[in-house]
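Read the structure below first, then the notes.
Computed over heavy atoms, backbone and side chain alike; hydrogens, waters and symmetry mates excluded. None of these values were measured; they are calculated from a predicted model. Index from 1, following the sequence.
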Amino acid sequence: MTDYQQILFPYAYNILGSVEDARDIVQDVLAKFYSDNRDGVANEKAYLIKSVINHAINTKTRRRRTVQPEVWLPEPVATESADANVYLKDILSYSLLVLLERLNAKERAVFILKESFDYPHDEIASILSITEEHSRKLLSRAKDKLFKPGAAAGPSIRDERTNTLLRNYIDAIRDRNMQRLEGLLAEDIAFYADGGPNVNVVKKICTGSAEVANLLSTVYQRFQQEATISLVELNHQPALLFRNGDKLSSCLVFDISPEDNRIIRINSVVDPEKLKYIG
């Protein structure tokens, strides 16, 4: 069962963008599977994957019908141990998870199965109880929505170049060096903050290098001066964690331009419910 939990988790998480919901769905599916009569199930793994995907689609669809907050960001997952835990490699990048919010649940599932897990359309059709033609149409529609003009070029990776950039970022913000900080940001940088239902953020959306630099400095001076800052990898992207004592208070996930090594987007997760599994 432990192996199945690890195998099934990325499917549910990539559709939902929520660790807790993905864990609940996997647990529900496994509990039902082991309590029911399993006669006639020729391939346990395929059956469980299909069950988890459809359960996740239904959950995502139900939640889309409720009123959505102005900014909703996926729950980050620490992926630094992906070499040791092979299943973490199947977790999507944070940038892509953000983009996938443009899709409905079934488009999202088709895109993930085809592009991330390399399923052929006949298997996708079987899993989702649709035709192969419908699967192909959903994939085409998903790509049109995801990669329209203005979409992000691709996820940033954590390497020595991005590590150096974020160390410079930390130095600039600690020194209140606004000129240096602004120089690390792309002119059209976008900043998004998700505090969830219980945490008020200074600003949910901010754009432009001067405005974002000012916001970042304000947030640091008010809330993060006493925090310990760690440079980590979340969803295979460079990120910073801010801890006050043993409490993780916030994280920043960065998109960085490969051309000029400037920060093009910052996703700030402050919602404590989305931080509790980072560890």
Side-chain angles (χ1 to χ4, degrees), residues 1-66 68 72 74-79 82 85-94 96-97 99-143 145-146 235-236 273-274 276-277:
M1 185 180 290
T2 300
D3 287 342
Y4 275 142
Q5 286 174 335
Q6 291 183 321
I7 291 168
L8 297 171
F9 175 79
Y11 290 91
Y13 170 77
N14 289 341
I15 290 172
L16 294 165
S18 166
V19 173
E20 188 162 11
D21 291 343
R23 286 181 172 180
D24 287 346
I25 281 174
V26 169
Q27 193 61 39
D28 288 349
V29 166
L30 286 174
K32 186 175 187 302
F33 179 73
Y34 285 111
S35 63
D36 286 353
N37 186 330
R38 301 192 297 278
D39 292 345
V41 178
N43 186 327
E44 283 191 357
K45 179 180 174 182
Y47 178 86
L48 289 169
I49 288 172
K50 178 177 181 178
S51 299
V52 164
I53 288 170
N54 282 289
H55 195 344
I57 288 173
N58 292 336
T59 301
K60 189 73 172 178
T61 301
R62 282 198 306 272
R63 296 197 172 167
R64 276 288 175 86
R65 294 188 185 122
T66 62
Q68 294 295 306
W72 185 94
E75 186 175 348
V77 172
T79 52
N85 184 347
V86 65
Y87 302 108
L88 286 177
K89 292 181 179 179
D90 292 329
I91 298 295
L92 293 181
S93 73
Y94 204 81
L96 186 52
L97 280 177
L99 284 177
L100 287 175
E101 288 302 305
R102 296 176 179 176
L103 309 181
N104 65 41
K106 193 158 281 190
E107 290 168 346
R108 185 169 178 144
V110 170
F111 180 86
I112 289 166
L113 287 170
K114 183 62 179 172
E115 299 299 314
S116 299
F117 293 98
D118 201 27
Y119 277 64
H121 280 289
D122 59 337
E123 288 188 32
I124 296 173
S126 176
I127 289 170
L128 301 181
S129 301
I130 58 177
T131 65
E132 284 188 51
E133 181 183 3
H134 191 193
S135 176
R136 294 179 191 279
K137 285 183 178 178
L138 286 171
L139 179 64
S140 176
R141 192 185 307 161
K143 287 183 175 180
K145 290 181 180 180
L146 289 175
N235 292 74
H236 311 291
E273 290 301 307
K274 293 183 178 181
K276 61 185 180 182
Y277 291 116

Please round to the nearest 0.5 Å and tell me the distance separating atom [atom1] of [X] and atom [atom2] of [Y].
X: S126; Y: E132; atom1: OG; atom2: CD; answer: 10.0 Å
X: H134; Y: S129; atom1: NE2; atom2: OG; answer: 12.0 Å
X: L30; Y: S51; atom1: CG; atom2: OG; answer: 9.5 Å
X: L16; Y: K60; atom1: CG; atom2: NZ; answer: 6.0 Å
X: R136; Y: I130; atom1: CZ; atom2: CD1; answer: 11.0 Å
X: Q27; Y: K32; atom1: CD; atom2: NZ; answer: 14.5 Å

Donor-acceptor contact present, side-chain [X] to main-chain [Y], <3.5 Å:
X: Y94; Y: P74; result: yes
X: N235; Y: P76; result: no
X: S116; Y: L113; result: no
X: E107; Y: N104; result: yes
X: K274; Y: V19; result: no
X: D90; Y: P10; result: no
X: N54; Y: I127; result: yes

Next item on the list: Let me see the working for F33 and V41 under side-chain contact (heavy atoms from CB on, under 4.5 Å), right down to the final yes or no.
Entry: CA-CA 10 Å; F33 179 73; V41 178; 4.3 Å; yes
Minimum side-chain heavy-atom gap [X]-[Y] below 4.5 Å:
X: I112; Y: Y11; result: no
X: H121; Y: L139; result: yes
X: V52; Y: I15; result: no
X: Y119; Y: I49; result: yes
X: I91; Y: F9; result: yes

Next item on the list: Evaluate salt bridge (charged side-chain N to carboxylate O under 4.0 Å, His left out) for R108 paired with E101, printing each intermediate quantity in order.
Entry: CA-CA 8 Å; R108 185 169 178 144; E101 288 302 305; 2.6 Å; yes
Notebook entry, point to check: Of the non-hydrogen atoms in L88 and A78, which two are nearest, and what is the gap between them?
Noted result: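 Heavy-atom minimum between the residues: CD1-O, 3.9 Å.
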Check: Any idea which heavy atoms bring V110 and S135 closest together, and the distance?
Finding: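 Result for this residue pair: CG1-O, 3.5 Å.
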Notebook entry, point to check: Between S93 and H236, does any side-chain donor sit less than 3.5 Å from a side-chain acceptor?
Noted result: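 Result is no, nothing qualifies.
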Margin query: Quick one about E75 and Y13 (side-chain donor to acceptor, distance below 3.5 Å, no hydrogens or angles considered), yes or no?
Written below: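 Checked: Y13/E75 side chains show no N/O donor-acceptor pair below 3.5 Å.
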Note to self: For the residue pair R23 and Y277, would you count it as a cation-pi contact if the rule is NZ or CZ under 6.0 angstrom from the ring centre and within 45 degrees of the ring axis?
What the structure shows: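 Satisfied, under 6.0 Å and within 45°.
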Item checked: OH (Y47) with more than 12 external heavy atoms under 6.0 Å ->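 Not more than 12 within 6.0 Å, no.
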